[in-house]
Amino acid sequence: MKNNNRVRVRFAPSPTGHLHIGGARTALFNYLFARNLKGTFILRIEDTDRERSTQEYTDFILKGMEWLGMEWDEGPFHQTERMDIYREHVEKLLKEGKAYRCYCLPEELETRRKALLAAGKKPKYDGKCRTMDSGLGTEDQKPYCIRFKAPQEGNLTFNDICRGEITFNREELDDMIIARTDGSPTYNFTVVVDDVTMKITHVIRGDDHLNNTPRQIQLYEALNYPIPHFAHLPMILGPDKQKLSKRHGAVSVIEYKTYGFLPEAMLNYLARLGWSHGDQEIFTKEELVQFFDLNVVGKSPSVFDIEKCKWVNHQHMMKLTHAELFHATKPYLEEMGLEIDLEANGFAVKAVCSERERAKTLKELAEISAFYFREEPVWDEKAVEKWLNDEGKQRLNALKDSFANLKIWDEASIQTAFKEIQEKLGIKKMVDLAQPCRVALTGTTTSPGIFEVLAILGKEKVLKRFDRALAF
RNA sequence: GCUCCCUUCGUCUAGUGGCCUAGGACGUCGCCCUCUCACGGCGAAAACACGGAUUCGAAUUCCGUAGGGAGCACCA
């Protein structure tokens with residue numbers, strides 16, 4: 001009974017594509033809203049379009065949801081398994097004279113639509129069969145679909161949580177088809193029936209559905225069901241302010257996993273698109289749940305900015321413990337063909353984490369810390385040319401001799417030995433000794449602090465790499 | 001074409017009639033730190049789409065204009 005006034009929301013994707021950025025954000029706002037108010041979050045797969053819906057896409061969507069950690073409380077329900085419920089409701093409307101059979105052929109409809117459009121009018125159904133249908137009892141052999149008899153009088157106003165009051169003239173709404181010739185129900189009808197039977201209290205969805213809302217409200221009215229609250233979320237656009245699509249790069253949310261984004265970071269970034277909480281930029285999932293408020297959601301569309309998304313990701317990476325960060329990065333190292341020996345974990349954790357300020361994604365982190373794990377570094381030609389010349393090698397040799405005799409191998413001792421050599425060779429700027437060493441160890445001119453790299457790598461590997469570099 | 005919606009720095013946003021010489025963040029640029037690259041610190045450039053009206057006072061209210069988006073399917 002306590003649950004009676006608890007909110008119930010749903011995310012209802014159609015499995016005709018991957019879970020994309022926009023869909024994920026819609027799901028997230030539903031999820032946050034439900035968790036914030038201790039309500040119920042339902043997952044519903046809208047697969048009435050059998051032509052385009054596939055099991056594969058359903059699986060992708062489920063995987064995306066799981067990766068982002070948006071666990072649902074009920075479902076996933078499939079509309080294809082609920083056909084009887086829709087049929088019952090169509091019958092009910094038919095019986096009550098609120099729907100009728102339409103014998104117009106698709107081709108006729110199309111030509112009439114075009115004529116209307118050409119005349120500068122809104123291409124709505126002209127209502128030809130509205131009064132023709134004899135109702136029940138006509139055993140007509142001609143194929144027909146079923147249309148909803150949309151009331152044409154007066155205005156229809158609803159209060160959108162994000163947009164405020166929105167008014168439509170009922171005249172604008174035509175008699176939409178609720179069941180196709182083959183008897184299958186159409187979208188606007190199934191959503192209403194589903195939302196009603198699943199006792200959805202708040203319909204939170206993309207604002208591409210804003211125009212569908214009045215027609216759906218008319219259905220609620222005809223069915224004599226309570227009307228839920230609506231919240232229409234602004235869209236997410238590409239950098240060119242056009243709808244996000246493949247040419248903007250990754251659209252499917254799961255792709256961001258392969259790029260090395262943390263799910264919490266994605267959640268964080270997505271939540272900040274159209275929503276804010278003061279000046280705070282970085283949120284844990286718990287904070288998002290705690291602070292989320294639908295009333296704060298903006299009205300205008302937002303552009304997906306991959307640079308900021310990366311920055312948010314970096315912030316979340318920095319919040320992880322060293323062990324957590326290592327385990328998150330390990331799969332990306334393995335993807336590069338690098339076997340990380342568990343025995344060497346102490347070394348590996350330090351190695352990976354030594355680069356954490358330098359990487360915005362786990363993948364980047366794997367790439368720049370890979371040199372620790374390779375037998376031989378990948379040589380950067382320019383770096384080798386510049387720093388492993390005769391002079392550089394001479395310095396390297398001196399370092400090598402000194403390091404070979406070092407008893408204690410830690411950052412402090414290494415640094416002392418290093419400074420001694422620098423002084424002995426009369427090298428004024430440390431960079432002139434550090435860079436040959438760095439290139440010899442990493443193959444490149446950029447890395448964590450040289451003493452840190454030296455210490456992490458260990459004496460044996462260091463000397464081996466020096467030899468290799470000296471052989472150039 | 002018709003209907004509905006939207007409009008603050010390049011981008012995400014704060015702002016609900018005086019606290020706004022419009023705040024924060026990403027990005028950009030400069031300086032500092034410095035063994036490289038980062039991180040970090042400091043600083044800079046950068047916006048109320050336009051025009052009216054209401055008001056002592058408007059980013060904030062109202063009306064137009066312009067621009068953008070969505071819908072108008074036997075797709076969802």
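Labels below follow one simple rule: chain letters A, B, ... track the order of the sequence lines, proteins then strands, and each chain is numbered from 1.
Contact annotation for A:P448: base contact, defined as any heavy-atom pair under 4.0 Å involving a base atom. Using a 4.0 Å heavy-atom criterion, one finds that A:E51 contacts no nucleic acid atom at all. At a threshold of 4.0 angstrom between heavy atoms, the contacts of A:S184 with the nucleic acid are absent. Here A:E281 lies in heavy-atom contact (under 4.0 Å) with a base.
Evaluation of atom-type donor-acceptor distances gives a pair under 3.5 Å for the side chain of A:R438 against the base of B:C35. Judged by atom type and distance alone, A:T445 does not reach the base of B:C37 through any side-chain donor-acceptor pair under 3.5 Å.
Atom CG in A:L237 sits roughly 15 Å away from atom P in B:C6 (whole-Å rounding).
Remark: side-chain polar atoms of A:K149 are not paired, donor with acceptor, to backbone N or O of A:A99 under 3.5 angstrom. Remark: the backbone N or O of A:E385 is not paired with any side-chain donor or acceptor of A:N389 at under 3.5 angstrom.
A salt bridge is defined here as a Lys NZ or Arg NE, NH1 or NH2 lying under 4.0 Å from an Asp or Glu carboxylate O, and A:D84 with A:R87 meets this definition. Classification of A:E355 and A:R358 as a salt-bridged pair holds, one side-chain N sitting under 4.0 Å from a carboxylate O.
Listed candidates were B:U13, B:C74, B:A76. Nearest to the side chain of A:R272 is B:U13. Looking at the side chain of A:D208, the nearest of the listed nucleotides B:G68, B:A70, B:C35 is B:A70.
The same atom, P, is picked in B:A58 and in B:C50; the two are 15 Å apart, to the nearest Å.
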With B for base contact, S for sugar-phosphate-only contact and - for none (protein heavy atoms under 4.0 Å), nucleotides 59-65 of chain B reads -------
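Within residues 427-437 of chain A, the residues approached by RNA chain B to less than 4.0 Å at the level of any non-hydrogen atom are A:M430, A:V431, A:A434, A:Q435, in residue-number order.
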